[in-house]
S.K.: 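Sending over a structure as structure tokens; questions will come in a sec.
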Amino acid sequence: MRAPMAVVGDKAPRVHIWQIGCQMNSADSDSLAEGFAEIGLRPGAALDDADLTVLVTCAVRQHAEDKTNGKLGELAEWKEERPGRAIALTGCMVGEHGSDLLRRFRHLDYVFDMREPDGFMARIRDLYQGALNGPVPLPASDRLCAYLPVILGCNEMCTYCIVPFVRGKERSRPKDQVVDEAKRMVDRGVVEITLLGQNVNSYRDPASGIDLPHLMSMVDRVPGLRRMRFLTSHPRNASSDLMTAIAELETACEQFHLPVQSGSDSCLRRMKREYSVADYRTVLEKARTIIPGLSLSTDVIVGFCGETDSEFEATYRMVEEVEFDTVHIQAYSPRPGTAAFRRPDDVPRALKSERLQRLLELQRKISLHRNQALVGRTVEVLVEGIGQGGRPFGRTRQNRVVWVNGPAQVGAILDVRVESATAWQLVGG
Ligand code: SAM
Ligand code: SF4
Ligand code: F3S
């Protein structure tokens, strides 16, 4: 932290939170906003109006870091425009670079660890105390869907991944704390909750040892909750109990995100994923048998160190055969400090990009085919907003985006007959 900041004005400072990265960062941004409101700052400000900007960063790929670096560049000018403005940075780049960021970016005022924000919050409270008048109400939220972290950190050591280094060891939150937070969210109007963890299916309540399916059954009973999802599962711990919970709990949506990363056993070994392609496919078959109407999604990395043509072709075949509903495909990005960083990043950039495009095109056709099979069928849609031209949109239990023909209230849950489909969305009325 640099100090002291020049405090200008006697009004409670307005805070703009900028965020990049995964759902964990969305949850962290929400909890920061709550923390600021508690000490009397006003979160939810547009950048132009803000006095303090907080960047919640991601380090999973170089591209994510480049975006934050670009944002910091833009903010240099923003800070110059008005005296008293300040910039803080937190999130996963802090775990990687620490306070070195303060040296690299001269206009950055604070760097803090998102796992221990209390010191930063106390510092801000002391600094602005003359302008603070106790807690301010959070701006009314019209949010229907929220993320609820249940387990933090990750104990896996996938050789390409920086997350365990920047998010630390696994720590499960007590089950009662999770349920209380779910109740508070529902009281504020939330109807869909996604339970979060890098490896959410290794959740264990610290006192009783109860697992994720059991925790889901507790959250399922929160009055007023309509939908529950969970992210992200490791194939190694995808138990039958978890699948039964999805099938049987009323709010649990028929959606399973199970990152495979590669369809080649040799590549999976180099990634240290601890399962084979056959193990993975057995899990999927079991899930599809236990959960009717299940939608499956996955993550794939192309161009990992040493990925041969035949290893990539194995991934291509697996994606073709499994027919996922959605596949998130990324080109491998070497991350300092990881085990894979010591190996040569030897798949040329053009070849990574060619493999990525081929997989994207394959999945586009599969998603189109799977969505078109829904034409004429009725799907349950939670209306989440009104888009361009006043058209309502929302998602199905399987997480497909639907545009609704005709009027609909935000928050309504409708049965919609699908009239047409593209690879990315459905349209119906
Ligand atoms: N915990 C989850 C799992 O086990 O797959 C995923 C967490 S990670 C934040 C999200 C995705 O980023 C991963 O599934 C992987 O596909 C991708 N990813 C992680 N490290 C990467 C890297 N170095 N290069 C490219 N993609 C990466
Ligand atoms: Fe990263 Fe692997 Fe942990 Fe997922 S399970 S966060 S890919 S180390
Ligand atoms: Fe990025 Fe950190 Fe998530 S590295 S993907 S924001 S856990």
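Counting convention: from 1, in listed order, for ligands and their atoms alike.
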S.K.: Within the supplied structure, the quantity of interest is the number of heavy atoms (other residues, nucleotides, ligands) at a distance under 6.0 Å from Gln388 CD; does it exceed 12?
M.R.: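 No, not enclosed.
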
S.K.: Tell me if the centroids of the rings in Tyr110 and Phe120 come within less than 6.0 Å of each other.
M.R.: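 Yes: the rings meet the under 6.0 Å criterion.
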
S.K.: What's the shortest heavy-atom distance between Cys92 and Val166, and which atoms?
M.R.: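 Minimum heavy-atom separation between Cys92 and Val166: O-CG1, 3.2 Å.
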
S.K.: Taking only heavy atoms of Gln330 into account, list the atoms of ligand 1 that are under 4.0 Å away from them.
M.R.: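 Under 4.0 Å from Gln330, ligand 1 has these atoms: 26 (N).
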
S.K.: Within less than 4.0 angstrom of ligand 3, does Arg167 place any heavy atom?
M.R.: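 Per 4.0 Å heavy-atom rule, Arg167 contacts ligand 3.
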
S.K.: Is it true that a side-chain atom of Ser367 and a backbone atom of Arg364 form a donor plus acceptor pair closer than 3.5 Å?
M.R.: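 No, because the side chain of Ser367 does not come within donor-acceptor range (under 3.5 Å) of the backbone of Arg364.
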
S.K.: Looking only at side chains, do Glu311 and Ser262 share a donor and an acceptor under 3.5 Å apart?
M.R.: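 Not at all, the side chains of Glu311 and Ser262 share no donor-acceptor pair under 3.5 Å.
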
S.K.: Please determine whether a side-chain nitrogen of the Lys or Arg among Glu307 and Lys352 lies less than 4.0 Å from a carboxylate oxygen of the Asp or Glu.
M.R.: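 No, Glu307 and Lys352 are not salt-bridged.
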
S.K.: Please work out whether any backbone atom (N, CA, C, O) or any side-chain heavy atom from C-beta onward of His63 is under 4.0 Å from ligand 1, and answer side chain, backbone, both or neither.
M.R.: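 Neither part.
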
S.K.: Does the distance from a Lys or Arg side-chain N to an Asp or Glu carboxylate O, for Asp109 and Lys79, drop under 4.0 Å?
M.R.: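 Yes.
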
S.K.: What is the nearest protein non-hydrogen atom to atom 1 (N) of ligand 1, stated with its residue, atom name and distance?
M.R.: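 It is Gln198 O, 2.6 Å.
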
S.K.: Is Arg288 salt-bridged to Glu285, going by a charged N under 4.0 Å from an acidic O?
M.R.: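 Between Glu285 and Arg288 there is no salt bridge, as every charged N stays at least 4.0 Å from the carboxylate O atoms.
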
S.K.: In terms of residue, atom name and distance, what is the protein heavy atom nearest to atom 24 (N) of ligand 1?
M.R.: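 Sorting protein heavy atoms by distance from atom 24 (N) of ligand 1 puts Ser333 N, 3.0 Å first.
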
S.K.: Name the closest protein heavy atom to atom 25 (C) of ligand 1, giving the residue it belongs to and the distance to 0.1 Å.
M.R.: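 Minimum-distance protein heavy atom for atom 25 (C) of ligand 1 reads Ala331 O, 3.4 Å.
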
S.K.: Judged on heavy-atom distance to atom 4 (Fe) of ligand 2, which of Glu156, Gln198, Gln261 sits nearest?
M.R.: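 Residue with the shortest heavy-atom distance to the ligand atom: Gln198.
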
S.K.: What is the nearest protein non-hydrogen atom to atom 4 (S) of ligand 3, stated with its residue, atom name and distance?
M.R.: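 Answer for atom 4 (S) of ligand 3: Ala59 N, 3.3 Å.
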
S.K.: Which is closest to atom 6 (S) of ligand 3 by heavy-atom distance: Val60, Thr232, Asn25?
M.R.: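 It is Asn25 that holds the nearest heavy atom.
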
S.K.: By number and element, which atoms of ligand 1 are closer than 4.0 Å to a non-hydrogen atom of Thr232?
M.R.: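 Selected atoms, number and element: 2 (C).
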
S.K.: Compute the ring centroids of Phe230 and His257, then answer whether they are less than 6.0 Å apart.
M.R.: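 No, ring centres 6.0 Å or more apart.
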
S.K.: To check your reading of the model: name the closest protein heavy atom to atom 4 (O) of ligand 1, its residue, and the distance in Å.
M.R.: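 Heavy-atom neighbour on the protein nearest atom 4 (O) of ligand 1: Arg273 NH1, 3.2 Å.
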
S.K.: If the cut-off is 4.0 Å to any non-hydrogen atom of Arg335, which atoms of ligand 1 fall inside it?
M.R.: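 The list of qualifying atoms is 23 (N).
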
S.K.: Of the options Leu225, Thr251, Leu382, which is the one that meets Val191 in a side chain to side chain contact (heavy atoms under 4.5 Å, CB included)?
M.R.: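 One option only clears the test, and that one is Leu382.
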
S.K.: If you measure from each non-hydrogen atom of Gln261 to ligand 1, which part falls under 4.0 Å: side chain, backbone, both or neither?
M.R.: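 Answer for Gln261: side chain.
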
S.K.: Just checking: Cys92, one of its N/O/S atoms, less than 2.8 Å away from atom 3 (Fe) of ligand 3, yes or no?
M.R.: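 It does not; every qualifying atom lies at 2.8 Å or beyond.
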
S.K.: May I ask you to decide whether Arg226 forms a salt bridge with Glu380, counting only side-chain N to carboxylate O separations under 4.0 Å?
M.R.: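 Looking at Glu380 together with Arg226, the answer is no, because their closest N to O distance does not fall below 4.0 Å.
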
S.K.: Report, in ascending order of atom number, the atoms of ligand 3 lying under 4.0 Å from any heavy atom of Cys58.
M.R.: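 Those of ligand 3 that fall under 4.0 Å from Cys58 are 1 (Fe), 4 (S), 5 (S), 6 (S).
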
S.K.: For atom 20 (N) of ligand 1, which protein heavy atom lies nearest, and how many Å away is it?
M.R.: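 Of every protein heavy atom, Tyr160 CD1, 3.3 Å lies nearest to atom 20 (N) of ligand 1.
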
S.K.: Heavy-atom contacts under 4.0 Å between Ile301 and ligand 1: side chain, backbone, both, or neither?
M.R.: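 Looking at Ile301 and ligand 1, just side chain atoms fall under 4.0 Å.
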
S.K.: Starting from atom 12 (O) of ligand 1, locate the nearest protein heavy atom and write down its residue, its atom name and how far away it is, to 0.1 Å.
M.R.: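 In this structure, atom 12 (O) of ligand 1 has Arg61 NH1, 3.5 Å as its nearest protein heavy atom.
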
S.K.: Do me a favour and list the nearest non-hydrogen protein atom to atom 3 (Fe) of ligand 2 with residue, atom name and distance?
M.R.: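 Ranking protein heavy atoms by distance from atom 3 (Fe) of ligand 2, first comes Cys154 SG, 2.3 Å.
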
S.K.: Tell me, which protein residue and heavy-atom name are nearest atom 19 (C) of ligand 1, and how many Å apart are they?
M.R.: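 Ranking protein heavy atoms by distance from atom 19 (C) of ligand 1, first comes Val60 CG2, 3.4 Å.
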
S.K.: Kindly indicate whether a cation-pi arrangement holds for Arg270 with Phe304, taking the cut-offs as under 6.0 Å to the six-membered ring centre and within 45° of the axis.
M.R.: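 No, a cation-pi geometry is absent between Arg270 and Phe304.
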
S.K.: Flag yes if more than 12 heavy atoms outside Arg377 fall under 6.0 Å of its CZ atom; otherwise flag no.
M.R.: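 No, the 6.0 Å shell around CZ holds no more than 12 heavy atoms from other groups.
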
S.K.: Can you pull out the closest protein heavy atom to atom 3 (Fe) of ligand 3? Residue, atom name and distance to 0.1 Å, please.
M.R.: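 Ranking protein heavy atoms by distance from atom 3 (Fe) of ligand 3, first comes Cys22 SG, 2.3 Å.
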
S.K.: Tell me, which protein residue and heavy-atom name are nearest atom 7 (S) of ligand 2, and how many Å apart are they?
M.R.: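 Ranking protein heavy atoms by distance from atom 7 (S) of ligand 2, first comes Tyr160 OH, 3.3 Å.
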
S.K.: What is the ring orientation for Tyr280 with Phe324, classed by angle as parallel under 30°, tilted 30 to 60°, or perpendicular over 60°?
M.R.: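 Tyr280 vs Phe324 ring planes: tilted.
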
S.K.: Give the contacting part of Pro259 toward ligand 1: side chain, backbone, both or neither, where contact means a heavy-atom distance below 4.0 Å.
M.R.: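 It is the side chain that touches ligand 1; the backbone stays farther off.
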
S.K.: Considering only protein heavy atoms, which is closest to atom 2 (Fe) of ligand 2, and at what distance to one decimal place?
M.R.: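 That would be Cys158 SG, 2.3 Å.
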
S.K.: Answer yes or no for Ala340: is there a heavy-atom contact with ligand 1 below 4.0 Å?
M.R.: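 The answer is no, since Ala340 has no heavy atom less than 4.0 Å from ligand 1.
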
S.K.: Can you tell me which residue and heavy atom of the protein come closest to atom 10 (C) of ligand 1, and the distance to 0.1 Å?
M.R.: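 Answer for atom 10 (C) of ligand 1: Asp299 OD2, 3.9 Å.
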
S.K.: Run the contact test for Gln198 against ligand 3 with a 4.0 Å cut-off on heavy atoms, strictly below, and give the result.
M.R.: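 Distance cut 4.0 Å: Gln198 passes for ligand 3.
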
S.K.: So does Asp309 pair up with Arg355, basic N to acidic O under 4.0 Å?
M.R.: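 Looking at Arg355 together with Asp309, the answer is yes, because their closest N to O distance falls below 4.0 Å.
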
S.K.: Using heavy atoms and a 4.0 Å limit, tell me yes or no: is Arg273 in contact with ligand 2?
M.R.: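 Checking ligand 2 against Arg273, which is what was asked, there is a heavy-atom contact under 4.0 Å.
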
S.K.: One thing to verify: whether Asp51 and Arg42 come together as a salt bridge, which I'm taking to mean a side-chain N less than 4.0 angstrom from a carboxylate O.
M.R.: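 No, Arg42 and Asp51 are not salt-bridged.
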
S.K.: Among all protein heavy atoms in this structure, tell me which lies nearest to atom 1 (Fe) of ligand 2, with the distance rounded to 0.1 Å.
M.R.: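 So the nearest neighbour among protein heavy atoms is Cys161 SG, 2.3 Å.
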
S.K.: Say whether, by atom type as modelled, one donor and one acceptor occur between the side chain of Lys71 and the main chain of Leu55 under 3.5 angstrom.
M.R.: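 A pair under 3.5 Å: no.
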
S.K.: Would you mind running through ligand 2 and noting each atom that sits below 4.0 Å from a heavy atom of Val163?
M.R.: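 Here the atoms of ligand 2 in question are 6 (S).
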
S.K.: What is the minimum heavy-atom distance between Glu192 and Arg395, and which atoms define it?
M.R.: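 Between these two residues, the closest heavy atoms are OE2-NH2, 3.0 Å.
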
S.K.: Output the list of atoms in ligand 2 that are nearer than 4.0 Å to some heavy atom of Pro164, sorted by atom number.
M.R.: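 Answer for ligand 2: 8 (S).
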
